[in-house]
2 protein chains.
Amino acid sequence: MIKSLTRKQQEVFDFLLQNQDKFPHPPTLEELCACMGLKSRGSLHNHIKALINENLIEAPERKQRGIRLTNYAKEMINHSDDQSSLPFVGIIAAGKPIEAVENITYMAIPEQLKTQKPCYILKVKGDSMIEQGIYDGDWVIIEQRSYARNGEIVVALINKAEATLKFIEQYPHETLLIPANSAMEAMHYNPEQVEIQGVLVGQMRSYTKNH
Amino acid sequence: MIKSLTRKQQEVFDFLLQNQDKFPHPPTLEELCACMGLKSRGSLHNHIKALINENLIEAPERKQRGIRLTNYAKEMINHSDDQSSLPFVGIIAAGKPIEAVENITYMAIPEQLKTQKPCYILKVKGDSMIEQGIYDGDWVIIEQRSYARNGEIVVALINKAEATLKFIEQYPHETLLIPANSAMEAMHYNPEQVEIQGVLVGQMRSYTKNH
DNA sequence: CTTCCTTGTTCTTTATTTGTTCTCGTGCTA
DNA sequence: TAGCACGAGAACAAATAAAGAACAAGGAAG
């Protein structure tokens, strides 16, 4: 994904990273030249073009002082220390394995929707929890955990193959996975068939439908 | 702050920020010109117009000494570091005024749940949108807007007194506010009775129930 | 109320800055 | 040698900025 930057390109990128706050507004090529010890805008511009190609910075055509880091670039450096964002890792559709997304992205999440423990985000496909207000296309925030109390909503892996989001009821010789959709039936398993991968702690939905 | 000010525009804005208290009255264009080292009011006025466009300052038409910072701008500078958070301003329960919370708090919100326009957060009380998956205790993200298209979910102020969250249908002589709850009836109003305060763009729910 | 100066607004014209593209030269390496 | 990274500089076009003229509305003084 990240094609190798040349030495100078990396240098320019690092400089932009480290100084993104220091500039009240993005620098001009000339200013950047001065910082990097160059005498020619043209030379610098080549490096800028390379970084744009790599999707690390964006610079609206001809716009002055338009150089900005891409969200993509910010993620690369931020999410490690940014405790408010959680990784969006995949799509869960009842009866299938979790479909991992190609590029993990990070979403800012309010404190109220997560827990102290590690959490991650899935997108829900299907209507099996519709009566709990979890709709097709919603995001859910999942606390990573391998156990659950009865009545919690869990991400369960069945027979090490299919993942699903359901209410759980665990009894000595039986585990029930119960959808919140009266058109669907509860499913009965032996406890060892069901592996809990996480517990639902939050849910989100966009009404602007571009996702 | 993702807006694109040119260098001079930023300079003017910064100056206004830093000197908002120093002037007994807002400065005239001429005074500002002097401060910024300009000889022509016309030049400065262009920058002023740009700032007004960005909703950073407001200047009543033709009013002398009318330049003021927008509330939006004041919010900006307090939260310029975390552009991903939105203010949680109150609780909306059908049939009551919006109950403002005493201390406005800010919640981190993922990009996907908001729009480019200013947004704020309300907590929902009641079941009137339950069939749309919006439950009692959910948070909703509202884009501040005074108009809406038919079929959108809006925060509507009725008779300048009661606020409610409903589907809206607007016709020449009638405005309908329609709940998503088959136990409730659609409400009919004269268009002038209904004032739109915002449009639903996102929804969130916590399953850890401490809020 | 009328008059006059101030101030905000709009235009046109001109100048300066900045992004972009090219060409050319230098060194380094396979 | 050919290919590559890198830099300098020229030349051009677009964006930005400034100045100044002209006009209209505001507000103060009489």
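A, B, ... follow the sequence lines: proteins, then strands. Residue 1 opens every chain.
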Visitor: Starting the side chain at C-beta, find the nucleotide from D:dG27, D:dA17, D:dA19 nearest to B:S40.
Guide: D:dA19

Visitor: Taking the side chain of A:H47 as heavy atoms from C-beta outward, which of C:dT17, D:dA19, D:dC6 is closest to it?
Guide: D:dC6

Visitor: Send over the distance from A:L32 CG to C:dT20 C1', rounded to a whole Å.
Guide: 15 Å

Visitor: Are any of A:T6's side-chain N or O atoms less than 4.0 Å away from OP1 or OP2 of D:dC6?
Guide: yes

Visitor: Between C:dT17, D:dA18, C:dT9, spot the one nearest the side chain of B:L38, thanks.
Guide: D:dA18

Visitor: Answer yes or no: does a side-chain N or O of A:R62 lie under 4.0 Å from OP1 or OP2 of D:dT16?
Guide: no

Visitor: Decide, yes or no, whether a salt bridge links A:E99 with A:K125 under the criterion of side-chain N to carboxylate O below 4.0 Å.
Guide: no

Visitor: Is B:E185 atom CD crowded by more than 12 heavy atoms from other residues, nucleotides or ligands, each under 6.0 Å away?
Guide: no

Visitor: Please determine whether a side-chain nitrogen or oxygen atom of A:K63 lies at a distance below 4.0 Å from atom OP1 or OP2 of D:dA14.
Guide: no

Visitor: Taking only side-chain nitrogens and oxygens of B:S43, does any of them come within less than 4.0 Å of OP1 or OP2 of D:dG20?
Guide: no

Visitor: Roughly how many Å is it from CE in B:M36 to C1' in D:dA19, rounded to a whole number?
Guide: 17 Å

Visitor: Nearest whole Å is fine: how far is D:dA5 P from A:K49 NZ?
Guide: 14 Å

Visitor: For A:V201 and A:L113, which heavy atoms make the closest approach, and how far apart are they?
Guide: CG2-O, 3.7 Å

Visitor: Could you give the CG-to-P distance, from A:L5 to D:dC4, as a whole number of Å?
Guide: 17 Å

Visitor: Let me know the distance between CZ of A:R41 and P of D:dA11, rounded to the nearest Å.
Guide: 13 Å

Visitor: Starting at CD1 of B:I48 and ending at P of D:dA17, how long is that distance when rounded to a whole Å?
Guide: 13 Å

Visitor: What is the distance from CD of B:E58 to C1' of C:dG8, rounded to the nearest Å?
Guide: 17 Å

Visitor: If you pin A:N46 and A:Q64 to their nearest nucleotides in DNA chain D, which one's is more 5'?
Guide: A:N46

Visitor: Do side-chain atoms of B:D138 reach the backbone of B:I134 as a donor and acceptor pair under 3.5 angstrom?
Guide: no

Visitor: Without decimals, in angstroms, what is the distance between B:L29 CG and C:dT9 C1'?
Guide: 9 Å

Visitor: Give a yes/no on whether any side-chain N or O of B:H45 is located under 4.0 angstrom from OP1 or OP2 of C:dG8.
Guide: no

Visitor: Compare every heavy atom of B:N150 with every heavy atom of B:Y171, then report the nearest pair and how far apart it is.
Guide: CE2-ND2, 4.4 Å

Visitor: Can you identify which nucleotide, out of D:dC6, C:dT7, D:dA17, has its nearest atom closest to the A:K8 side chain?
Guide: D:dC6

